[in-house]
Structures are given as C-alpha cells and as structure tokens.
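Notes follow the structure.
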Amino acid sequence: MTVKVSRRTTATVVAGAAVFALVATGCSSNPAEGGEDGDITLTVATFNDFGYTPELFAEYEASHPGITIKHNKAATSDDARANYFTKLGAGSGLADVEAVEIDWFAELLQYSDKLTDLSSDSVDGRWLDWKEAAATDADGKLIAYGTDIGPEAICYRSDLFAAAGLPTDRTEVAALLEGDWDNYFSVGEQFTAASDSAWFDASGAMIQGILNQEEETLESKDGEVIATTNPVVKDAYEQVLAVSPELSAHFTQWSDDWNAGFANGAFATMLCPSWMLGIIEGNAAEVTGWDIANVFPNGGGNWGGSYLTVPAQGAHTEEAKELADWLTAPEQQLTTFVQTGNFPSQLDLQTSEELTSITRPYFNDAPTGQIFSDRATAVTVAPYKSVKYFPVMSTLQDAITRVDVDKTQSADESWKQFEADVAALG
Amino acid sequence: MTTALLDDRQVRRIAFGNRLSHWDFKLSPYLYVSPFFILFALTGLFPILYTAYVSVYDWHIIGGQGDFVGLGNFEWVLGQEKFWLALRNSFSIFLLSAIPQVIFALIIAAVLSDNLRAKTFWRMGVLVPYVVAPVAVALIFSNMFGDQYGLINNLLGRIGLDPVGWHSQVVPSHLAIATMVNFRWTGYNALIFLAAMQAIPRDYYEAAMLDGATKLRQFFSITIPSLRPTLIFVIITSTIGGLQIFDEPRMYDQSGQGGASAQWLTITMFIYNQGFGQTGGGQFGHAAAAAWLLFIIIIVVGLINLAATRAIASAGTRNGK
C-alpha cells in the first residue's frame, strides 16, 4: 500500500518535472550552431523574392567546403521587419545573413552597433554611390551590402493609347511624356478626354513618385519631422489631388481592386520601378497591351530596394560576411535579375552587355535591361529617410486615400487631419 | 520493555503509511491539475505581469528597457484618437458578429437535432468553415467585398443597387468583417448547442406534443430554457474572442492599418502596430499599456456577463423549470 502510494506520487512529480524540462530545453535549442569538425551552417533570411535559388546556394557550397546554407523566406517585408527587430533586441535568434528593405533601413541604422562592419577591399566601389552612402552609418561604418534598386520608368497600355489617339510606339511615348509632372498630367487630361479608362492607378503612387525626387521631404536632416510644414510636401499633395478626380483610377495601391484593375483596363499608365514588371505580368497575364517607355516625369526616381546585413549576434560573422559579399557580387546579382527582374545596384552591371541585352516578351519585347540601366543613371537624388519616415509616409498615404479612394473628406479636411495625425505620432 | 518499544515503532510505521495515503488523498488531485497551472503561470500569468512591468517604462523593441515613466504610457494611449476609434470598432464588430452568430447557431442546431437524412454528414458539414484558416477566409472575403470589382458589389449592381463602400465606410467594413467571423464560428457554436440539445430529455417534448404545443412553442418553452448554461458559455467565449479580434481585420487589406480613417482598426491591431508594426515605431511601452487597458476592458465586460448570468440563472430556478 505504502509502496504503491509513493510510486504514484513520484510519477506525478516526475511528470511535472518533465514538463518543466521540456519548456526549459525548448527555449535553449539553437539550430544555427555548427557541427564539431569545422562544418558550419549559415542561415540566410530574405522576404518576398530575392531570386536566391537552391542552385545558387549549391554553387557557393561547392566552392566553400564545410559550409551549408539554409534559406528562410518571409512572406512580406513587414513580417521580416517584425522578426528582425524583435530578435535584434533580444540579442539572439537572427539568421547569419539578414535581408533589410530600404523603408525600414533608417530605423535599423540607429542600432548599427549591433551589426557587423562589412567594409572590405573586395567591395570597394561595387555599388552606385547613393546606394552605398545610405548603408554607411554616422561613423563611416558600412553595415549592409546593396542588392537591388528600383529605378522608375513609365509603364503604359499601348492598346488604350491607340484607342484614345495617342502614339503607341515606346520611343514616341517617351518623347510625349518627356518633361515635368505637369506635362505627364496634361497628357493624361488629353487621354481621359478620349477614353473611359483613368490615366494612372493610384494617387498614393504619384505622391510617392514626386517625393522620391526630393532630398528632404518628410524629415529634415537634423532629425525633425517637417512633413506638415515643408512646402514641397504640401505642393505635391495639392498637385496630385487637383488632378486626381479626373485622372486617377481611385485605387489604394496593393488592394484587391488595384490588382484587379490591371486586367480590367482601369488605367492606362503607372509609375514602374523595375520590380513592378513582375507584378504587372502576374496581375494581367491575359492582357497584351502593356509596354514600357524609357522616361520618367521630372528626370529620374528610385522606389524601393534592399540590402543584406550581418547581425553581430551571429556565431559565424566572418563566414556570413563572405557569403553576403558573394551574393551581392555582380555575377550573382545578374542571375537574380534574370530570375526576378530585381534590378541590380552594382555599378559594373549598369552598362554590362549581359544586362542591357535583356528583353521582356510580355512587354512587347521591350529592352528592359537597357531601359532600367538608363533610368538608374537618371537617378540623382537619394531622398533622406530617417526613423519617422515610414509612419509619416503611411499617414500621408492615408490622407490621400481619404480624398481619392474613400472620398470621405475634402483635400483640406484631410490635410488638417494629416497635421493632427503627424502631431500624434509624437 | 522491548516489546513495548517494538509496538511503538510498528505503530509509528503504520501512522506514516496512513499519513502518506492521507496526503495522496489530499494532494494528488492538485498535482494532477498542476501541469496546467504551471504552464498557465509560464505562458499566461508571467506575460501578463511582465506586460504590466513593461507598461510603466519607455521600452523600445530593439533598444530595450528605458526610463521609468509611470503612467505616462497609459496617458499617451488614452490621448490617441486612434485608440478610441479602435475601441469603437472592436465593440461594433463584436456586437455585429456575436448576436447574429448565436441566433443563427441556435436555428441551425434546432434543425440539425431534428431527424434528418444523413445526419452525421450535415452535422459535420457545419464545422467545415471552422477548419478553414482564418487568414484564408479573410483573403477570400476581402476580395469578395472589393469596392470596385468585388463579387458582392457586382451582384448589387445587377439588381440595380448602388455599390457599397466596403473598404471606405465604417459600418459596411464592420459588416464585412463580422461576416467573416460569423462564417467561421456559427457552425462551431451550432455544434455546441446541438450537443446540449441532445441532452434535453425527450419526455419534455413528448409531453408538450400531447398537450398540443407547436414546434415553435416547444423550441421557445423547452429548448431555449434548457440551453441556458450552454448559452452563457457561448456568449462568454464569443465576448472574449470578439474583443480580441485580429486576423480578419488585419487581413482585410494589404497594409493592415485598419483603413485610412481607422474605419476597421481594432484594439489588438492597435497594440500590434504600436509594438511590432512599422507605423508604431516599436514602442513596447505604448503597446503594453494598450494591452493592459484591453485586459481591464475584458475583465469589466466579463464581470457584466457574470452578473447577467447570475440574474438569468436565478430567474431560471425561480421559474421552477
């Protein structure tokens, strides 16, 4: 009797302890650890599609014995950001090489001491100046290797242009749209007078296009939020909303309606960073009229782009740095451009024959390599983006949406709310 | 003397054994349930308390713990217009989903508890929406509720009605999100009601039938009163779930900010955006304070529920059912 009792009690205690032990070990397991005989597993974390195929990693593994690469892919840049920041703060759990998007790069730059210094002779002069400058912290430390950029051109529907009596050939269209934003909008007025379709997809995209050509927009270089007082922002806001009733298709970018609008012929033109080509193709596979013109209102502009970083918390930062170096080398970036259309930020590639000879059948065989290479050289300004850039931009986009898409407020009301919202961001 | 000593020892040994079995009787039940409470303390209680600790500090997602700010974070959250809009939205979506859900679940359960052909097929069928991942439901529904090209507005146009601004207006966006919630949970609740209905003694119905009561009368006079405890359970769980609604509104558009004028921003989305989202700037202190406010709101609503429950339960016994 006594024996039976104590055994049962012991069993319970053991069970309780086992639960504790499970919980404890669950927290301490570390899959990124290397083996004993010098074998190292490096993890690479990216989001969306960086074009890093298993074959690409296999190539690296073959030339670097003892290294195994594991690739983690987050669905969106937002997911990647939440994961990155949480684990950077916690001090463990990040991949050896982590991809970063330009929009949240400034936030990360504040914590550059938690990242490995990546400067080395082998990467000197690899990137476009402005791309590299953005990845250098206040102490001159290079904390990230550039992958792609988003030089912008104009994509248009040649069939809708033809129906409205506008030229359809891409050089003629480029000549027609050459000039400032006013010119782009006034051609739009010509178009909408003769067509049922809208001229552009989203007013939110327009203001982004205009502001990406200015150096100081939402924040001043001494770290103040100037969005509500900067005449550049107010002018852009008024300019876009003045033409939007007539020219806009009244979509919010990335909404389901926006996606459907591509195939439904809702709009005839859109701002077209290099990575947009894949999105157009995906959203309007059946449509044959999409083409691309080597022009952008008011010169050049860049929209988006990413970097690779090596968090200092990793166990193998040296090896990780070497891998990041290799991945962002011109040869590999060319491979990923062919794979995804992500336009490389590497200087050598901008004029290389392999890149400029690339064409894209869907866009009426447009020489996309040459066009984006030209558009990349036209980019002269790198907008200053700091810590508050994203929240303020998102508030500004909301202000545009209220007027252009929701139609719940007038431009003046919405601007007043924008001022209040920015003040509330604190 | 020696025998006395031996006896004494023997007695003591028996006493020890008795004490063990006494402990077994008294303690074992607690030990058996302890794994749950240990796990709850680790995954539930500790985070709640730690969140309270975080909420009184300036705390950044990367920078970590900063200065002690007292109730400053609470003040900040309560001063945010978006917080109040989120509170309004959470309650509105909760009411729009909980009420129709319970009513429809009751009706479905009543139908299912009748003699149907292929009973099991129908009963399992109502659970199918519950199996679908909420994010998938949200993606499909938000597409159907598209403002310009959505299926619903297309159908409305066919019958000559104006399109509804599902993503631009406050109430339509709540209706759309509540529809997703109802789609997912009505069948689940119907099965719970069904189980409770099966437990009602058939004699009641037979007696009622002999007295000439109609089906409808039976439903209101026998079924509903007998379901009272189950009803209370369903209402409380759907209250907690409703106030914490996140997946559906988060996936209702791509950016997850709850619309340009916070039309469908809920409290949990507000908390997430403050702490982890790009627009909140990783302010864990703000997020923690908002989380605690939500916790308090849920407790208050829970207490109201409890009071209402007691009133209903005692009213039930007085009726001498």
Side-chain angles (χ1 to χ4, degrees), chain A residues 1-2 5-6 8-9 12-13 15-16 19-20 23 76-78 81-82 84-86 88-90 103-104 107-108 110-111 114 249-261 264 266 387-388 390-391 394-395 397-402 405-409 414 417 420-421 424-426, chain B residues 13-14 16-18 20-21 23-25 27-28 30-32 34-35 38-39 42-43 59-64 76 79-82 139 142-150 165 167-170 253-257 259-263 272-273 275-284 286:
Chain A
M1 176 71 200
T2 341
V5 165
S6 53
R8 206 195 293 162
T9 326
T12 319
V13 172
V19 169
F20 260 117
V23 172
T76 66
S77 147
D78 274 358
R81 179 189 169 279
Y84 199 131
F85 282 16
T86 313
L88 193 66
D103 272 351
W104 37 284
E107 275 178 282
L108 188 66
Q110 297 176 94
Y111 300 94
K114 291 182 190 285
H250 308 297
F251 293 128
T252 318
Q253 286 178 86
W254 316 112
S255 65
D256 290 323
D257 277 342
W258 184 77
N259 287 329
N264 288 335
V387 198
K388 286 272 162 52
F390 189 88
S394 158
T395 312
Q397 292 285 342
D398 282 349
I400 296 267
T401 301
R402 284 191 294 268
V405 184
D406 294 354
K407 302 189 182 74
T408 48
Q409 287 185 356
S414 190
Q417 192 179 331
D421 287 348
L425 284 173
Chain B
R13 221 160 81 205
I14 292 162
F16 182 65
N18 274 342
L20 267 186
S21 70
W23 284 346
D24 177 30
F25 185 69
L27 275 179
S28 291
Y30 296 103
L31 283 171
Y32 292 142
S34 69
I38 292 167
L39 274 180
L42 282 173
T43 61
W59 199 300
H60 189 261
I61 182 169
I62 302 176
W76 184 89
Q80 290 289 303
E81 198 197 345
K82 282 205 170 166
L139 281 175
S142 66
N143 196 301
M144 280 167 52
F145 282 107
D147 288 21
Q148 292 196 31
Y149 299 116
H167 283 80
S168 54
Q169 307 291 329
V170 176
D253 77 347
Q254 206 270 349
S255 69
Q257 301 297 323
S261 337
Q263 298 100 309
Y272 179 84
N273 286 341
F276 299 95
Q278 245 173 308
T279 44
Q283 298 294 340
F284 273 7
H286 293 165

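Being a predicted model, the structure only gives us computed values, none of them experimental. FYI, side chains are in, hydrogens and waters are out, and symmetry mates aren't considered; it's all heavy atoms of this structure. Protein chains get the first letters and strands the later ones, always in sequence-line order, with residue 1 at the start of each.
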Next item on the list: State whether the side chain of A:Arg81 and the backbone N or O of B:Phe276 hold a donor-acceptor pair below 3.5 Å, judged by distance alone.
Entry: yes
Check: With a 4.5 angstrom heavy-atom cut-off, which part of A:Lys407 approaches chain B: side chain, backbone, both or neither?
Finding: neither
Check: Given the options B:Gly282, B:Gly146, B:Gly79, which has more heavy-atom pairs under 4.5 Å with chain A than any of the others?
Finding: B:Gly146
Next item on the list: Please determine, among A:Ala399, A:Ala260, A:Ala420, the option with the most heavy-atom pairs under 4.5 Å with chain B.
Entry: A:Ala260
Item checked: side chain to side chain donor-acceptor pair (under 3.5 Å) partners for A:Asp256, two or more places apart -> B:Ser142
Notebook entry, point to check: Do you know the tightest heavy-atom contact between B:Ala260 and A:Asp406?
Noted result: CB-OD2, 3.8 Å
Check: In terms of heavy-atom pairs under 4.5 Å, which option from A:Phe390, A:Phe251, A:Trp258 contacts chain B the most?
Finding: A:Phe390
Next item on the list: Classify the ring geometry between A:Trp104 and A:Tyr84 as parallel (under 30°), tilted (30 to 60°) or perpendicular (over 60°).
Entry: perpendicular
Notebook entry, point to check: Who wins among B:His60, B:Lys82, B:His167, B:Glu81 for the most heavy-atom pairs under 4.5 Å with chain A?
Noted result: B:His60
Margin query: Could you check whether any side-chain heavy atom of B:His286 comes within less than 4.5 Å of a side-chain heavy atom of B:Gln80, counting everything from C-beta outward?
Written below: no
Check: So which part of B:Tyr272 gets closer than 4.5 Å to some heavy atom of chain A, the side chain, the backbone, both or neither?
Finding: side chain
Item checked: Residue part contacting chain A, namely of B:Trp76, when any heavy atom lies under 4.5 Å -> side chain
Next item on the list: Give the member of B:Ala262, B:Gly256, B:Gly277, B:Gly150 that has the highest number of heavy-atom pairs under 4.5 Å with chain A.
Entry: B:Gly277
Checklist line | B:Phe25 and B:Ser21, any side-chain heavy atoms less than 4.5 Å apart | finding: no
Item checked: Close side-chain approach of A:Leu88 and A:Leu108, heavy atoms under 4.5 Å -> yes
Checklist line | Which atoms of B:Gln283 approach chain A - backbone, side chain, both or neither, heavy atom under 4.5 Å | finding: neither
Item checked: chain B contacts, top residue of A:Thr86, A:Thr408, A:Asp103, A:Thr401 (heavy-atom pairs, under 4.5 Å) -> A:Thr86
Next item on the list: For each of B:Gly259, B:Ser255, B:Gly63, tally heavy-atom pairs with chain A at distances under 4.5 Å, and name the one with the top tally.
Entry: B:Gly63
Checklist line | Which atoms of B:Asp253 approach chain A - backbone, side chain, both or neither, heavy atom under 4.5 Å | finding: neither
Check: Does the side chain of B:Gln148 come under 3.5 Å of the side chain of A:Asn264 through a donor N or O and an acceptor N or O?
Finding: no
Note to self: Quick check against the 3.5 Å criterion: does A:Gln110 have a side-chain atom that pairs as donor or acceptor with the backbone of B:Ile62?
What the structure shows: no
Check: Checking A:Phe85 against chain B: side chain, backbone, both or neither under 4.5 Å from a heavy atom?
Finding: both
